[in-house]
Amino acid sequence: MSTGAIAVPALVPRGPRHSRIHWWTRCFPTRLAVAIAAFTCLVVPVSLVVVHVHENPEFSPIDEAAHWDYVTRLADGGFPRIGQLLQSSTLRAVECKGVALHGLVTTKCDTPINPKLFAGGGYQYEAQQPPGYYALTVPMRWFGMNVLGLDDLTATRLAGLPWLVLSLLLFWVAGRIMGLSPPVLGAGALLIATAPLTISLYSSVSNDVTSLFAGAAVMVLGALALTRPGRWMTPVMLVAGVVIASFKLSDLLPVVVASVLFGVAAFRRRDAAGGPAPGAAGALRWWWPRGGAILVGGAVGGVAWLVVERSLATINPKDLPPFDVLRTMPITFSLIMKESLSMLQPLTGSYDIFRTTDHVAPRSSALSLNLQSVMATVLAYVVVAGGLAGLFVRRREWNHWLGLTALPALYLGGIVLGVSLYLTYDIDPGLSGRYGMALAPMLLVALVASVRGAWTVWGLWALGVVTFGLSFLFLLG
């Protein structure tokens, strides 16, 4: 591969020989590949999430009650607006189940509902979120309740599992298109599936579960746009941008990264004869159906939702009472810059400590708590190292450019997000790693594609397997 070129191996052939069977053999060339994918993309995430849900019946303090209220309101034919209170059924569930936040005191289960006695005055403070995730969760919640016989909250929580499994499979497919081997991809998928933030968020009701899907889907579309370009690109990329914006606006981070990468590739590419790249006009024509269409789609979808959300609001977002706790100190740009550093931990930042319960201290032992911190810190360093790998090589390939683009995008995206939250709600943004989770698939692909030597690959596998085993200790010990 030439120095500075941004390209991927053309694993996907053109012509009539392309078929579903061929796609299957490309993605899963051997029985070992099937076994690796089944273990890392299905067995590991399902087992961890199911156990976490079972062991944590209380509401997660990461806004789970408000997200659950959004889902149940849609299921009943309503639609949340900024300024509305949580439904009485939601407040009753919070009373009876409790919230896994040490020191938080809620009213007793059998007392009359009084929203003023709840944190934040009982307001619905997630109504500003786009409806895509919540609308898709409604039928999955119905299936869990009416077919599987689960209770309401558990059924809604487990609706996150299809998102996680599909995200990991898309991660696998993207890597295979890019030419990565099954053992290398398995290591990356295992690290994502066992990450503490993955387990925490995908075990609760939250639109954060769309983030890994957004990043992995953009990678698949980007890889196909490079290896199988065609008329499909512009309409599909436009729609993809709109759909991703309908989940969560921070999910647009991989859209921006993909657009930038295609822009760089447009100016650095060679023509069919190996000559220099065409001028700006030619580069723009090449970039538009790949990086331009998805960027425009995301922008249109994001702006459209902001217009709708503001038109539905019943109060000024700057007056929303639940955020008063974030309005107790002066907010400066330097504070936002500092908080944006947390975005560099897209798989480990601000995760729930395993085995917490409502009203009391965490039940985990000191050994468990310390090991959780150690494993999360190691994974955070490994992810950053993968993103920076391109700084230390003489021949930069596609994975190096991907890491060197995605990692700064995390930090700069955090600054943009922080300023937006401050201007919209007049609050301390309180940024955390989960806002950058959509870029985790890109960073993990950059990591595993950059490793050299069997020992390094086995080292990543060892980290994932140890984390997988320790997670059960954290959850059950």
Side-chain angles (χ1 to χ4, degrees), residues 36 39-41 44-45 48 164 167-168 171-172 174-175 178 180-202 211-212 215-216 219 253-254 257 341-351 354 370-393 396-411 414 432-471 474:
I36 293 174
F39 176 69
T40 59
C41 301
V44 170
L48 288 174
L164 180 54
S167 301
L168 293 171
F171 173 86
W172 180 282
M178 294 172 181
L180 302 182
S181 67
V184 166
L185 280 173
L190 185 60
L191 291 178
I192 294 175
T194 59
L197 196 54
T198 301
I199 300 171
S200 297
L201 293 178
Y202 284 83
S211 295
L212 291 177
M219 284 201 305
L253 281 173
V257 169
L341 290 173
S342 65
M343 295 281 285
L344 299 178
Q345 305 176 63
L347 290 175
T348 56
S350 303
Y351 64 92
F354 297 144
N370 291 335
L371 286 177
Q372 288 182 56
S373 179
V374 168
M375 299 308 294
T377 302
V378 170
L379 179 57
Y381 288 159
V382 167
V383 171
V384 171
L388 295 176
L391 293 177
F392 308 103
V393 296
R396 291 196 180 104
E397 301 182 1
W398 64 266
N399 49 291
H400 301 128
W401 287 105
L402 179 61
L404 291 175
T405 305
L407 199 62
L410 275 175
Y411 183 68
S432 67
R434 64 190 177 94
Y435 293 114
M437 200 174 195
L439 286 179
M442 290 184 170
L443 287 168
L444 263 295
V445 160
L447 167 68
V448 298
S450 299
V451 298
R452 295 293 181 266
W455 285 106
T456 309
V457 176
W458 279 111
L460 293 179
W461 268 97
L463 176 60
V465 170
V466 170
T467 304
F468 178 49
L470 285 177
S471 296
F474 303 152

- Task: Please round to the nearest 0.5 Å and tell me the distance separating atom CZ of Arg396 and atom CG of Leu391.
- Result: 6.5 Å
- Between Leu197 and Thr348, is any pair of side-chain heavy atoms under 4.5 Å apart? no
- Query: Between Pro346 and Gly436, which heavy-atom pair has the shortest distance, and what is it?
  - Reply: CB-O, 3.5 Å
- Is there a side chain to side chain contact (heavy atoms under 4.5 Å, CB included) between Leu168 and Thr40 once you walk through the steps? CA-CA 8 Å; Leu168 293 171; Thr40 59; over 6 Å; no
- Query: When rounded to the nearest 0.5 angstrom, what distance separates CE in Met178 from CG in Leu402?
  - Reply: 6.5 Å
- Query: Using 30° and 60° as the class limits, which term best fits the ring planes of Trp461 and Phe39: parallel, tilted or perpendicular?
  - Reply: parallel
- Summary of side-chain hydrogen bond (donor to acceptor under 3.5 Å, both in side chains) pairs that have at least one residue in residues 438-452, sequence neighbours excluded: Asn399-Ser450
- Task: Find out whether Leu460 and Leu190 are in side-chain contact, i.e. whether some heavy atom of one side chain is under 4.5 Å from a heavy atom of the other.
- Result: no
- Heavy-atom nearest pair, Leu447 first then Gly386, reads CD1-CA, 3.7 Å
- Which heavy atom in Leu371 sits nearest to a heavy atom in Leu470, and how many Å separate them? CD1-CD2, 4.2 Å
- Once you round to the nearest 0.5 Å, how far does CE of Met219 lie from CG of Leu444? 8.5 Å
- Message: Measuring only between side-chain heavy atoms, which start at C-beta, is Phe474 closer than 4.5 Å to Pro196?
- Response: no
- Compare all side-chain heavy atoms of Trp172 with those of Leu180 and state whether any distance is below 4.5 angstrom. no
- Evaluation steps, side chain to side chain contact (heavy atoms under 4.5 Å, CB included), between Met437 and Thr198: CA-CA 9 Å; Met437 200 174 195; Thr198 301; 3.4 Å; yes
- Query: Where do Thr405 and Met442 land on the side chain to side chain contact (heavy atoms under 4.5 Å, CB included) test, with the steps shown first?
  - Reply: CA-CA 10 Å; Thr405 305; Met442 290 184 170; over 6 Å; no
- Query: At their closest point, which heavy atom of Leu201 faces which heavy atom of Arg434, and how far apart are they?
  - Reply: CD1-CB, 3.8 Å
- Query: Looking at side-chain heavy atoms only, is the closest gap between Phe171 and Leu212 below 4.5 Å?
  - Reply: no
- Query: Shortest non-hydrogen contact from Pro183 to Val457?
  - Reply: O-CG1, 4.3 Å
- Query: Rounded to the nearest 0.5 Å, how far apart are CG of Leu410 and CG of Leu443?
  - Reply: 5.5 Å
- Would a 4.5 Å heavy-atom cut-off, applied to side chains only, mark Leu253 and Tyr435 as touching? no
- Under 3.5 Å donor-acceptor, Thr194 side chain and Thr467 backbone: no
- All heavy atoms of Leu191 vs all of Leu379, minimum pair found to be O-CD2, 4.1 Å
- Message: Using 0.5 Å steps for rounding, measure from the CE atom of Met375 to the CZ atom of Phe468.
- Response: 13.0 Å
